[in-house]
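Here is the structure we will look at.
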Amino acid sequence: MIRSVVLGTGSALPERRVSNADLEQQLDTSDAWIVERTGIRFRHIAGPLETTSTLAADACRAALDSAGIAAADIDLIVLATATPDQTFPATATKVQAMLGIDDCVAFDVAAVCSGFLYAVQVADAMLRTGIHRRALVIGAETFSRILDWDDRTTAVLFGDGAGAIVLEGQESDADAGRGILATRLHADGRHNDLLYVDGGPSTTGTVGKLRMKGREVFRHAVVNLAAVMTETLVLAGLDAGQVDWVVPHQANARILDATARKLGLDPAKVVVTVDQHANTSAASVPLALDVAVRDGRIRQGQIVVLEAMGGGFTWGAAVVRF
């Protein structure tokens, strides 16, 4: 059977790093308030010359270097983002050009914070057909461009960044081979008004700003994430006790803690970077994954669960034998 194997990981962050103390200068907030409610201490904010595509391209270069392959070996690019450079063309095609790839399939997916999981499932399905062999799967965002910087309840939560992985379709042993073992995605559009942007080309003709009802989102996140992780492990023929690492969407430290408790997971097995990067939406899972790979926590052969929930609502998970 063909499985999609992770060959390499990469990430990129804007140069400007903003602390909670920095935000105290412009918002009615405090470091203690932000840390207590979210666990966030820092975030990176894109400068005038930093865009979703430039961050994505930098993350891809790091992932390609980690994988030890050339950009020309890529024949598929799937980029998850809610903050594209332009309404069209797809930001993935801009990344393609930046990497010097003359021709490959390149497109965006939009599922907000779950976008990377959606992109992983799409790329996995395309690789398993054998039509494509190597893919760059990217999550990249510049959420600072759509924040209402007068709203302390949302402005403190988000940051900018990008993460990427290189996937390769390989013949794999059904029982012990590396690669993506199972994925599962969900969506429920009835909850649009809990987390959304109040603009768009076909409605207001403007980009709009992010709006969120945090308490309601928290409640749905804990229930949905625990359920989809269990569901995906069952599809993979595994249980929570066999998981080496969980790499969750980095939205809020309290959501991470509550989800781990609901599943009976050891919190020490949960990769946490929200304190350093805040919520980077579609970028948060691949960014956190890259951090844990590079610091040596995640090693080849381990079972890793990726999970996320975002506006829509959308949510999903993937189980990978790394």
Side-chain angles (χ1 to χ4, degrees), residues 2-13 52-81 91-92 94-101 104-106 109 115-128 130 132-141 161-172 177-181 183 244-248 250 271 273 277 280 282-306 308 318-322:
I2 294 177
R3 280 208 181 116
S4 302
V5 175
V6 179
L7 296 185
T9 65
S11 60
L13 292 164
T52 294
S53 63
T54 64
L55 293 170
D58 285 344
C60 287
R61 293 184 186 102
L64 289 166
D65 183 66
S66 170
I69 67 170
D73 294 325
I74 297 296
D75 58 3
L76 173 65
I77 299 175
V78 186
L79 189 154
T81 188
T91 302
K94 297 188 72 173
V95 173
Q96 175 196 6
M98 290 177 184
L99 297 177
I101 302 172
C104 75
V105 174
V109 297
F116 182 73
L117 273 300
Y118 271 65
V120 164
Q121 180 165 305
V122 169
D124 176 47
M126 295 177 76
L127 291 174
R128 285 190 288 107
H132 299 280
R133 188 178 180 199
R134 293 194 184 99
L136 278 167
V137 185
I138 313 157
E141 303 281 14
I165 62 174
V166 177
L167 289 179
E168 181 179 73
Q170 296 181 1
E171 290 289 340
S172 177
R178 296 174 61 204
I180 296 173
L181 306 183
T183 60
D244 294 294
W245 294 101
V246 175
V247 183
Q250 307 290 317
V271 175
T273 64
H277 306 139
T280 55
S284 78
V285 170
L287 203 167
L289 177 64
D290 184 52
V291 168
V293 169
R294 291 179 184 272
D295 68 20
R297 277 178 286 177
I298 294 179
R299 301 185 302 276
Q300 187 169 314
Q302 292 183 326
I303 297 296
V304 179
V305 177
L306 315 177
V319 178
V320 185
R321 182 175 287 114
F322 212 84

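From a predicted model like this one, the values you see are computed outputs, not experimental measurements.
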For residues 284-293, run the donor-acceptor check on the side chains, cut-off 3.5 Å, and write out each pair with its distance to 0.1 Å, sequence neighbours left out.
{"unit_1": "Ser284", "atom_1": "OG", "unit_2": "His249", "atom_2": "ND1", "d": "2.6"}
{"unit_1": "Ser284", "atom_1": "OG", "unit_2": "Gln250", "atom_2": "N", "d": "3.1"}
{"unit_1": "Ser284", "atom_1": "OG", "unit_2": "Ser281", "atom_2": "O", "d": "3.3"}
{"unit_1": "Asp290", "atom_1": "OD1", "unit_2": "Thr9", "atom_2": "OG1", "d": "2.7"}
{"unit_1": "Asp290", "atom_1": "OD1", "unit_2": "Gly10", "atom_2": "N", "d": "3.4"}
{"unit_1": "Asp290", "atom_1": "OD1", "unit_2": "Arg294", "atom_2": "NE", "d": "2.6"}
{"unit_1": "Asp290", "atom_1": "OD2", "unit_2": "Ser11", "atom_2": "N", "d": "3.3"}
{"unit_1": "Asp290", "atom_1": "OD2", "unit_2": "Ser11", "atom_2": "OG", "d": "2.6"}
{"unit_1": "Asp290", "atom_1": "OD2", "unit_2": "Arg294", "atom_2": "NE", "d": "3.1"}

Checklist entry - Just wondering, do Ile74 and Leu64 contact through their side chains at under 4.5 Å, heavy atoms? => result yes
Next on the checklist: When you measure from the side chain of Asp244 to the backbone of Ile303, do you find a donor-acceptor pair of N or O atoms at a distance under 3.5 Å?
Outcome noted: yes
Item to check | Interatomic distance, Thr280 atom OG1 to Leu55 atom CG [nearest 0.5 angstrom] | outcome: 10.5 Å
Item to check | Contact check, side chains of Gln170 and Leu7, non-hydrogen atoms, under 4.5 Å | outcome: yes
Item to check | Test side chain to side chain contact (heavy atoms under 4.5 Å, CB included) applied to Ala282 - qualifying residues, sequence neighbours left out | outcome: Ala80, Glu141
Item to check | Residue pair Gln96 / Leu136, side-chain heavy-atom distance below 4.5 Å | outcome: no
Item to check | From CG (Leu76) to CD1 (Ile101), nearest 0.5 Å | outcome: 10.0 Å
Checklist outcome for this item: Here the side-chain hydrogen bond (donor to acceptor under 3.5 Å, both in side chains) pairs for residues 61-77, sequence neighbours left out, are Asp58-Arg61
Next on the checklist: Looking at every non-hydrogen atom in both residues, tell me the closest pair between Ala123 and Ala135 and how far apart they are.
Outcome noted: CB-CB, 4.4 Å
Checklist outcome for this item: Those residues at least two apart in sequence (or on a different chain) that pass side chain to side chain donor-acceptor pair (under 3.5 Å) with Arg134 are Glu168
Item to check | Nearest atoms (heavy-atom pairs only) where Ala119 meets Val109 | outcome: CB-CG2, 3.8 Å
Next on the checklist: Going by side chain to side chain contact (heavy atoms under 4.5 Å, CB included), name the residues that satisfy it together with Ala56, two or more places apart in sequence or in a different chain.
Outcome noted: Leu79, Val95, Ile138, Ala140
Checklist entry - What pairs with Arg178 under side chain to side chain donor-acceptor pair (under 3.5 Å), at least two apart in sequence or on another chain? => result none
Item to check | Check: Leu127 and Ile180 side chains under 4.5 Å, non-hydrogen atoms | outcome: no
Item to check | Contacts of type salt bridge (charged side-chain N to carboxylate O under 4.0 Å, His left out), residue Arg299, not counting sequence neighbours | outcome: none
Item to check | Heavy-atom side-chain proximity of Thr183 to Leu117 below 4.5 angstrom | outcome: no
Checklist entry - Hey, mind stepping through Leu167 and Val6 against side chain to side chain contact (heavy atoms under 4.5 Å, CB included) and telling me if it holds? => result CA-CA 5 Å; Leu167 289 179; Val6 179; 3.7 Å; yes
Item to check | Closest approach of Gly177 to Ser172 (non-hydrogen atoms, all atoms of both residues) | outcome: CA-OG, 3.2 Å
Checklist entry - Can any side-chain N or O of Arg128 pair as donor or acceptor with the backbone N or O of Ser4 at less than 3.5 Å? => result no
Next on the checklist: Quick one, Val122 and Val137 - any side-chain contact, counting heavy atoms below 4.5 Å?
Outcome noted: no
